[in-house]
Amino acid sequence: MPFIPHTDQEVTLMLARIGVDSIEDLFDEIPAHMRAAVMQAIPQGMSEMEVSRLMHQLAENNTRALCFLGAGAYQHHIPSAVWEITTRGEFYSAYTPYQAEASQGTLQLIYEYQSMMTALTAMDVSNASMYDGASALAEAILMAVRANRKSRSRKILVPTTVNPVYRKTAHTIVNGQQIELLEVPYDRATGTVTLEQIKQQSEGDVTALVLQQPNFFGCLEAVDEITDWAHENNILVIALINPLTMSVLKPPGEWGGETQQSRTSKGADIACGDGQPLGAPLSAGGPYYGLLCCKQALVRQMPGRIVGRTVDLDGNEGFVLTLQAREQHIRRSKATSNICTNQGLVVTASTIYMAIMGARGLENTAAACFANNNLLVEKLSAITGVNKAFAGTYFHETVLQLEAPAAEVLSGLLEKGILGGYNLSQDYPELGNAILVCTTEMRTEEDINAYAEAMRQVLEAIAASVYSSDAAMSAETV
Amino acid sequence: MPFIPHTDQEVTLMLARIGVDSIEDLFDEIPAHMRAAVMQAIPQGMSEMEVSRLMHQLAENNTRALCFLGAGAYQHHIPSAVWEITTRGEFYSAYTPYQAEASQGTLQLIYEYQSMMTALTAMDVSNASMYDGASALAEAILMAVRANRKSRSRKILVPTTVNPVYRKTAHTIVNGQQIELLEVPYDRATGTVTLEQIKQQSEGDVTALVLQQPNFFGCLEAVDEITDWAHENNILVIALINPLTMSVLKPPGEWGGETQQSRTSKGADIACGDGQPLGAPLSAGGPYYGLLCCKQALVRQMPGRIVGRTVDLDGNEGFVLTLQAREQHIRRSKATSNICTNQGLVVTASTIYMAIMGARGLENTAAACFANNNLLVEKLSAITGVNKAFAGTYFHETVLQLEAPAAEVLSGLLEKGILGGYNLSQDYPELGNAILVCTTEMRTEEDINAYAEAMRQVLEAIAASVYSSDAAMSAETV
Amino acid sequence: MLIFEHSSPGRKGAPQAPAEKASLTAIPEKLLRRQSAALPEVSELQAVRHYTRLSQKNFSIDTQFYPLGSCTMKYNPRACNTLAMLPGFLNLHPLTPDLQSQGFLVCMYELQSMLCEATGMADFSLAPMAGAQGEFAGVAMIKAYHSSRGDTERREILVPDAAHGTNPATAVMCGFQVTEIPTLDNGDVDIVALEQAVGPQTAGLMLTNPSTLGVFERNIETIAKIVHQAGGLLYYDGANLNAILGKIRPGDMGFDVIHSNLHKTFSTPHGGGGPGSGAVGVAGRLKPFLPLPMVTKEDNGNYRYLTAQDCPQSIGRLSAFMGNPGVLLRAYVYMRLLGREGMVRVAEYATLNANYMMAEAKRRGFTLAIDDRRASHEFIITLKNEAHEYHVSAMDFAKRLLDLGYHAPTTYFPLLVPECLLIEPTETEAREALDGFLDALEQIRHEAETSPELLHAAPQTLPVKRLDEVRAAKQLDLAYNS
Amino acid sequence: MLIFEHSSPGRKGAPQAPAEKASLTAIPEKLLRRQSAALPEVSELQAVRHYTRLSQKNFSIDTQFYPLGSCTMKYNPRACNTLAMLPGFLNLHPLTPDLQSQGFLVCMYELQSMLCEATGMADFSLAPMAGAQGEFAGVAMIKAYHSSRGDTERREILVPDAAHGTNPATAVMCGFQVTEIPTLDNGDVDIVALEQAVGPQTAGLMLTNPSTLGVFERNIETIAKIVHQAGGLLYYDGANLNAILGKIRPGDMGFDVIHSNLHKTFSTPHGGGGPGSGAVGVAGRLKPFLPLPMVTKEDNGNYRYLTAQDCPQSIGRLSAFMGNPGVLLRAYVYMRLLGREGMVRVAEYATLNANYMMAEAKRRGFTLAIDDRRASHEFIITLKNEAHEYHVSAMDFAKRLLDLGYHAPTTYFPLLVPECLLIEPTETEAREALDGFLDALEQIRHEAETSPELLHAAPQTLPVKRLDEVRAAKQLDLAYNS
Ligand SMILES: Cc1ncc(COP(=O)(O)O)c(C=O)c1O
Ligand SMILES: Cc1ncc(COP(=O)(O)O)c(C=O)c1O
């Protein structure tokens, strides 16, 4: 029997020891009339060989188009060593490291992860992970509400340059606690939020403000200026970041601090984001992990697990889960969050990824993304009918406006083997036929040229068909 | 620098400790005029990302056609656990277990392998592996020559039902030692070798006889009868086997022993074969491994490594390489073979494979191969123009004779996504347009039907084109 | 030694990233980082060696018997990992149009359907990323349901005192107050107390069945009636579904909403703390509120994601994409391997193993928390006598077990039982492992009698001795060089 | 505990093989097996746990510094493994027609070409499956060459006494007699003795350069002249190619035929004893004799295997298919990762590390076997003084090193140097590892002085203590239950 080691003989012996006649007897406390019938809707079991063949077929029934999609999930190169080590049984099949002495592998690794993540974000403290970037944003907001003793408003400013699906997720999660998320519109020229717009939305008492860098459009926000203003107004700053880009962009722990007054409160108070770019494959959307960092002062408001370094009976260094009094298994209804299982294995991969890449590896990768995206944008915007939506600096994603229906263009590109970007028309109808394109270090110049050529052809074909249907129309009219 | 950990600072320090100015100085004993130039014909280095993309492209530039090819390499299902454990760093990146105490993992595993292989073959002793089945046959022949003190002839009988490429390989390897391989023709009706034919070839002193089961045609040899006759004539029997089939076929250790006289010398003296069917992927031909087993009496003639169980200082069980006085690193020019590095990692996989499958798993797999092949042969031989070449029992390979050029049929099948078998016309011209087809447990009824349908179409197309060219010819003649 | 301590400035031994750094001068300088992040600088070999050796410091299912109660540490088939990591899945961008993701979507759709069948619920969403998020989704749906009916005064969630900590924490996160319901000595919910507690303020009751005490709640029908009659809904914490899979279905017991920890019952790995999946299922009346995304099958046979347009009453999204697809794929492969007949076997052999161990533990003189009932997939030993007689704690037993090569059972949970070990062997363990563990327990009790210092000083054979948790919490050291 | 000892009759926990056994009644009963083979009957978890734990009992590069002289234990990049195991390679049947295997064949062709360039040889065959088989092919070609010229009296192969055991063993396998040439104290071949030894009976000389003494043979030109003038050919044992890669090429030194251990210089894994690859390269005059198969590129750009028809003088085949393709693919990936500039670095940093360790060992008072010369990629310490003074052997040092977490260097090889350790750090190790190893050596010497029993009783921290090899060879126990 698959995965069941019992022989008939053993079963007989075990039943005898228990003192029952059959396995069925062990279920005699369950009311008989409620017992389940055979589960017809579940297919019969298959051998591994059969399932393997099925899964290979299904896996191939997904596109292999060249990926220029980003919008929160990014295709980066992952060194082979990363997942080969991560899926070693000792990491893969261990539980949460509650028995510290038997879990030093996982515990030390998480401590190293926390160290790397604080180094990358320039924040003081990192936890051991949240579910993903979107839910980490929600927890960051809850944390800010708990932490900001100077504010009683439960109002959070959220620019519309924050990933729309993150805003929706945050809403779902903080909603039950009467927290209000106030939208701040962006500047149509730059694709970023301005201090003026923020000020306009923040009449009265505001608890915190969310700032995404690079923002959903790939544009770079004026993080220093906004952070300083927020701190001057007792508003906590929640940075939402792409951690890979923090290898070259100013990290949240260093935002602001430019005015006399703000120097002491320099840096975002909380930083969150999705760890996916650091070693997690696209994998249809997950598992990724949410990163969550904060200033030292907020550590007791932090949700989730935290690993600390300590000593053993002999005074030797060792690692344990710490500050557990924040967590649900101790504090129950008064916990900082209900989170229990997190995304440990992905953090394992991410830690190994960062160790292998080093700061320089991350920097060169981020810079390559930037350069490649610039090249793509240059080539695409040289095509008639394609225009950059915003002036200013974008990182490795850019909004392009098309003189043809975005959906039609994207599906034309797909037919040519190009996953051309994210259609913005639902989330940002004001941008018209706009798409968000993304280029990582994985895309070669050849790939970029292929995209540009495909775009040219698709736009021409659409123009031609419009023309011919126009012509047909006018022919009819005649 | 890829895989080089040295920083500039460290290099400077290390050179100072050595007392030289540059790394170049370390090569000053090499005559300057012989120094190598830049190796232009080797491309410049690439990042892992670039090589990865290249290798993915190359991997896809090999066929995915449904495999009905066997002839010495078989596509079987391999449980996922097998290679996931085998490629763990501790197995993958260890050396030969010369330091026994630091290599108990590998050593115990090889001891278990030896135990499994002797259980499967019913032989007394197994070594730790040879390179592959073909070279193992060569070493078995050399071993027989060393071992058979009753014979001085250096003549070995090798039926032509033995895999032709194995015969060629054996020839290359034993050739330098004046050993003669005498061919024994097979019976055209049964595709097996008969005792009569063997007797005809064995005038005078013969050292050993090779017997392949199932033989190259997939047919089953009369192993008992031939083994007994050989032993009666002081000829050693070298069994060449497919180890998977030994889960259901009579294993070499039990061959013969049917006559009064032969009972004491029951069983082949040496068994060899390729371990590939037990957990090694097709992998374009390797790495596989050669299995080599013998009777206890021949153990000191065995080439290659052998692991033995012993005790440590405390009397606890442990494992070491043993009988090393047979080997080249001790005995040098008087060693039983020059073999040093063997196929350890594949043996690792194979051991895990056998442990997971168990005897029952192997039996069910072998039986499924047999049943599937029967089905294929039935369906194919029902087609006009396809005939079984031999009467009698075949295992999971069968020779079919075609009423059309074999090469043309096979390439027609390939166009329809079917790797249809092995073309026998070069090795066995007397069989005409014959192919060797093979079916394993991997082929479903659907696959088999697809093959039959493709065969029907290909033969029809060939017939039609012959007809039309005939017609064209006759039209011309008219 | 930390990976940072292997670092040497300027070292770079991996052929991974682009060798050169492209120019970033187009970015305003004030937006750029001034100093490189202080990540370790090691070669690929150093990283591989460091993390390979670290991994060896873990106990895991693949290396030890791991009878951690309530955690269902069973074998995670390697095939599930291999097949979920096929390039066709790993390289799939989550925003790929549905038509180009059919191979993935069909797995998700069928997984939803199989979970419905296995639990007796009307519909399932795979969005929640762990049990606790499943609970969140469930309780949020309860809230949305009452709201949709204008029933806005139901501010309270009832939770038995034996419940897992996530239950009360979740209720609070959703904006509810929590009232605890006591448990009787026999492990059943105190019905009288429950009857007194319910009322027009009751939004629902969260129940784990079999409970964390390892027994099946025999009054489940009565409980369902009481809660439903009060207008509340019944929430099933599915962490212990392994015990009853194929035997009785939560839907048939009257539950309105459940979550299932796929990382327990459906054997996806725990990964040293996650990722998991807490898929949620609902009875018909809660269907409109399920979290997004979900996958539906269209008339033309194509699969597609349901959107907010399709489900206007949905509680919304819980993550940026589709929960944890890699975990979901592993669960899918697992269910296809086992099939309907395998599902039932899970509960049967998990229960057999637990009852065997319980009977044996009793025979060997250990005190059971609940003596006269069937164990479900787990059972509890209380060491209060041993603690009293030999001055050793359940924690000492636990640490000593590590020395003997067994992962300790869950300790001090459920909170109701003093000095307890919650033992869950799971169905994938052979009898040798169970017997070996019981032998170890006996040996330790003997040691407690004769040389208790062995227990106090345990573990001795692991990479570290007993660790100072108090110091860790007082002298916070949460990052290298911080 | 052996896997057999986990076995229980009738157990079967793997969903692997077909669940039912098809009928075999069509096969005559006397050809069938009577009793099932006595393989272990375990569940998949038991097998996974058993072999995972076994693996942890090994030292390996991925877990320890492993300075095993002459074995080149350098980092085996994981990418080589991952990419060689892509399904497109793993599922390729070796008899697939050439046109359907182009992706694989191009790798083999380019590997041949790159090896030619790296060694200065005219052509390469990838057929040999390990170094020893490469030697066999090389010596067989020497024989075939002489035969082809009617020069049939050359019955002798010369081998320096420092040579690896495979050299003389190979010569004998090919039907030659072996004559040993002595080595001077400075590590060079004794030219006078060589001159006396050569003659019309000389088929060739097998030479390792740098030699197994870890020094470069400075008289290589003279040696080549002597052998060639006597009508013999020069064989290069390429096991130590790592030391000179990109610096000097065997072809340029005058060698006629070489083998290269791809599992050393080109970093394919040793896998606990194999598989390896001993690709052979030849100068122009030996081209016709190369073993098959080889891959050629046709004018139309397609790749195909060369056959016996193409190469009528070939010594023939050495294996059923194409050597060890999976190993060859790993070497191919490695060479593409490193590129031409990386090749040179291999020798440079391997040599730097060896010379650094040698200098440091000397500074710390250890006796070098050859004192006043450059080390190549390896060097030798002799512990004859320590052995004499403290009654500890090189083997004791080796075993004690294991306790300290270092794999022992090669001991008692080459045979010429008493109580020796042959130390090869390779280029992929960081200075910290080298220093740590030297510290350990110093510590052990100190222990030898103060508490030699520590060395005699070593190892103490490994899964077993020192093992009784004599008993193993006397009381043969080569299989369970045999
Ligand atoms: C009874 C019970 N409920 C809920 C949970 C929470 O599940 P998760 O850890 O996946 O969030 C757990 C597991 O830890 C549990 O045992
Ligand atoms: C110098 C030398 N020659 C030849 C060999 C034989 O190579 P292989 O073990 O690959 O057969 C070795 C390696 O063991 C060696 O070190």
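We use all heavy atoms of the structure for the numbers below, so side chains are in, but hydrogens, waters and symmetry mates are not. Sequence lines set the chain letters: A, B, ... in the order given, protein chains first and strands last, and positions in each chain run from 1.
Under 3.5 Å, the side chains of A:R88 and C:S55 contain a donor-acceptor pair of N or O atoms. In summary, the side chains of C:E469 and A:T322 do not present any donor paired with an acceptor at a separation below 3.5 Å, with no hydrogens or angles considered. Residues C:H407 and A:Q99 have side chains that never bring a donor and an acceptor to within less than 3.5 angstrom of each other. Between the side chains of A:N338 and C:Q133, no donor-acceptor pair is found at a separation under 3.5 Å. Using modelled atom types, one finds a donor on one side chain and an acceptor on the other under 3.5 Å when comparing C:Y51 with A:E112. A donor and an acceptor atom, one from each side chain of A:T106 and C:N58, are located under 3.5 Å apart. Looking at C:N324 and A:Y131, their side chains never bring a donor and an acceptor atom within 3.5 Å of each other.
Considering only residues two or more places apart in sequence or on other chains, C:E341 meets the salt bridge (charged side-chain N to carboxylate O under 4.0 Å, His left out) condition with none of them. By the salt bridge (charged side-chain N to carboxylate O under 4.0 Å, His left out) test, C:R336 is found to be paired with C:E110, residues two or more places apart in sequence or in another chain being considered.
Using a cut-off of 4.0 Å between Lys/Arg side-chain N and Asp/Glu carboxylate O, A:D312 and C:R466 are scored as not salt-bridged. The pair A:E363-C:K21 meets the salt-bridge criterion, with a side-chain N (NZ, NE, NH1 or NH2) lying under 4.0 Å from an Asp/Glu carboxylate O. Taking a cutoff of 4.0 Å between a charged side-chain nitrogen and a carboxylate oxygen, C:K465 and A:E101 do not qualify as a salt bridge.
A 4.5 Å side-chain heavy-atom check between A:M1 and C:Y349 finds at least one atom pair inside the cut-off.
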